[in-house]
Each structure stands twice: as structure tokens, then as C-alpha cells.
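Here's the structure, in C-alpha cells; my notes come after.
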Amino acid sequence: MHKNRVNILGTEFDNFTEKQFHHYLDDDLDIKANKFIVTPNPEIVLSARKDNNFSQIINNADYVIPDGIGIIKGAKSLGTPIPERITGFDTLKYLIEAANRKQLKVYLLGAKPEVIQASAEKIKNDYPQIDLVGFHDGYFKDDSIIVQEISEKQPNVVLVALGSPKQEIFINKYRKSADAIWIGVGGSFDVFSGTKKRAPIIMQKLNLEWLYRLFKEPTRIGRMLAIPKYMNLINKEKKNK
Ligand code: UDP
């Protein structure tokens, strides 16, 4: 198996390329494996340090992929490099494309009602081979209705956008309800549906996606302060090595 992991401030990241990861996902889909993907960025690494329960959920996931240039930089700085950034958004796109290719069942959960509705429409229009077995927005009070629907429909892929740590806690609790690939995708439906734009390619290539998001959503400043704090901890850890 692929369990070659790199520990960055307590979170254990998979040490593989995106291409290798996609091969694993293809195999998982073919055998209908039950898998849980988490996509930590520096903010999540810091949250996990403060919350042992959340840290265990993350480290016990089947795939822990580096979503954020900060993770790649941190790994390099600690002398344990990992090959490349693999984002939650790109993984969501890959899973949707693979589900279309393999004619599989997909369930969407999370985001605002109009965003999830637009995401469902996009799937129906652009990925006609997918069997979209259900979708629900992320502002619900009672989990049981959703879990029952998932359990009845038995999707092969469940995309969950409730933000962190809510989405990881939800998946960890309910993943046994369907043998699917489960992934927490944060704000990805906002981008997938066209409601929000992703940074221009040039900014993505220059690793400035975070700056674009800050510019578009200045209220994220508090969350983004996690990055210097994280780099500081990386530097401390490096000195202690
Ligand atoms: N969200 C939700 N239910 C909640 C809280 C958040 O569905 O109770 C959704 C929200 O609409 C957004 C996503 O979760 O689509 C979180 O987005 P954010 O930008 O915080 O995630 P990130 O990509 O930064 O992890």
C-alpha cells in the first residue's frame, strides 16, 4: 500500500505525486473501496495541533493530501520533501471526471442551497454519464435524513463541503453508510458552480492563490494569519532537528 507518510507538525501527509494518487483513486473506484480523503492546509495543521480528536480523524484518513504551498514548503524545510501540491479542488474535479468515465453514482453535500443546486445542474449538463443520486445544502439541523438518503442510494463518490472541521467530523462519523470515496472539499462547490472564481492560472502558478482569495474575501485575514504562525513553528522544529 501507499502508506509512506511525512509528518509535518503532527499531521501525516502522503508522500506521492498527483498521478500516483489518481491511480489509487481509479483502483478504489473500480473495487468500490470505502476511502476517506482529507486535504489539510497550514490552517488545518494548526487546528489539529490544538484538537487531539480532530488530529486523529485527519491522521486516520486513508489519504492525507497536501492542499497548500505552505505544506510543500514546510516539508522541504524540514528535510522531508513531498513531491507536489495536490488540491482539494483538483481532486474534486478528478473524481467527477472519473465518475463520469466509469458511469458511477455521486452524492453532493454542503454549501449554500443555490450553490449546491448550481453544482448539481453543472454535473447533469457537463457530466451526463454520472448518476447524480442526490444533493443537499450544508445548512441542515438533522444529520439523519441525509445519512439515510446516502445509505439508501449507495453512491460511489460523496463530496462533502461543510468547511473544516465539520466536514471531516461528518465523514468520519458516517462513512460506513456507503462504500464510497468520501472527501471534504471546503469551498470547492462555490468555485465549481461558477459562484466564485478561482485565482487566474498565473497566480496559481506563482503560488499566490491565497493572495487572490484574501483580495476577494478580506474577512479571511484572521484565518490567513495561520500561515506565518505555521511557518514560525516549522522554523522552530527545523532548529530542534
Ligand atoms: N458550509 C456549509 N455549512 C456550514 C458551514 C459552511 O455548507 O455549516 C459551506 C460554505 O457554504 C462553503 C464551505 O462550507 O461552501 C466552506 O468554505 P470555506 O471557504 O470556509 O472552505 P475552505 O475551502 O477554506 O476550506
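Every number for a ligand or one of its atoms is a count from 1 in the order of the listing. Just so we're clear, the structure is a prediction, and the values are computed from it rather than from any experiment.
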Could you tell me if Asn15 and Arg5 have a donor-acceptor pair between their side chains, going purely by distance under 3.5 Å?
no
Taking NZ, NE, NH1 and NH2 as the nitrogens, is one of them in Asp190 or Lys112 under 4.0 Å from a carboxylate oxygen of the other?
no
Give a yes-or-no answer on whether the side chains of Tyr24 and Asp14 include a donor-acceptor pair shorter than 3.5 Å.
no
Nearest-contact summary for atom 13 (C) of ligand 1 - protein heavy atom, Å
Gly186 O, 3.5 Å
Report, in ascending order of atom number, the atoms of ligand 1 lying under 4.0 Å from any heavy atom of Asp190.
12 (C), 15 (O)
If we count only N and O atoms by modelled type, under 3.5 Å, do the side chains of Thr87 and Asp90 hold a donor and an acceptor together?
yes
Run the contact test for Tyr139 against ligand 1 with a 4.0 Å cut-off on heavy atoms, strictly below, and give the result.
yes
Atoms in ligand 1 flagged as close to Gly110, the criterion being non-hydrogen separation under 4.0 Å
7 (O)
Among Val115, Val191, Leu162, closest by heavy atom to atom 6 (C) of ligand 1 is Leu162
Could an N or O of ligand 1 be found under 3.5 Å from any N or O of Lys196, whether backbone or side chain?
no
Below the 3.5 angstrom mark, is there an N/O of Val185, backbone or side chain, next to an N/O of ligand 1?
no
For Lys166, the ligand 1 atoms whose distance to one of its heavy atoms is below 4.0 Å:
4 (C), 8 (O)
Taking Val158 as the starting point, is it possible to reach Ile123 by hopping between hydrophobic residues whose side chains are less than 4.5 Å apart?
no
contact_flag Arg223 ligand 1 heavy-atom lt 4.0 Å
yes
Tell me whether Arg213 reaches ligand 1 (any heavy atom closer than 4.0 angstrom to a ligand atom).
yes
Top protein contact for atom 3 (N) of ligand 1, by heavy-atom distance
Gly138 O, 2.8 Å
Under a single-linkage rule joining Ile, Leu, Val, Met, Phe, Trp and Tyr whose side-chain heavy atoms are separated by less than 4.5 Å, which residues share a cluster with Ile227?
none
Do you know the tightest heavy-atom contact between Asn156 and Leu29?
O-CD2, 4.1 Å
Nitrogen or oxygen atoms of Arg220 and ligand 1 under 3.5 Å apart
yes
Can you label the angle between the Phe21 ring and the Phe16 ring as parallel, tilted or perpendicular, going by 30° and 60°?
parallel
When you measure from atom 22 (P) of ligand 1 to every protein heavy atom, which one gives the shortest distance, and what is it?
Gly187 N, 3.6 Å
Closest non-hydrogen protein atom to atom 7 (O) of ligand 1, residue and atom name please, with distance?
Ala111 N, 2.8 Å
Tell me the ring pair (Phe, Tyr, Trp, His ring centres under 6.0 Å) pairs involving residues 148-167, sequence neighbours left out?
none
Regarding Lys153 and the six-membered ring of Tyr107, is the cationic atom NZ or CZ under 6.0 Å from the ring centre and inside 45° of its axis?
no
Looking at ligand 1, does Ala161 have a heavy atom less than 4.0 Å from it?
yes
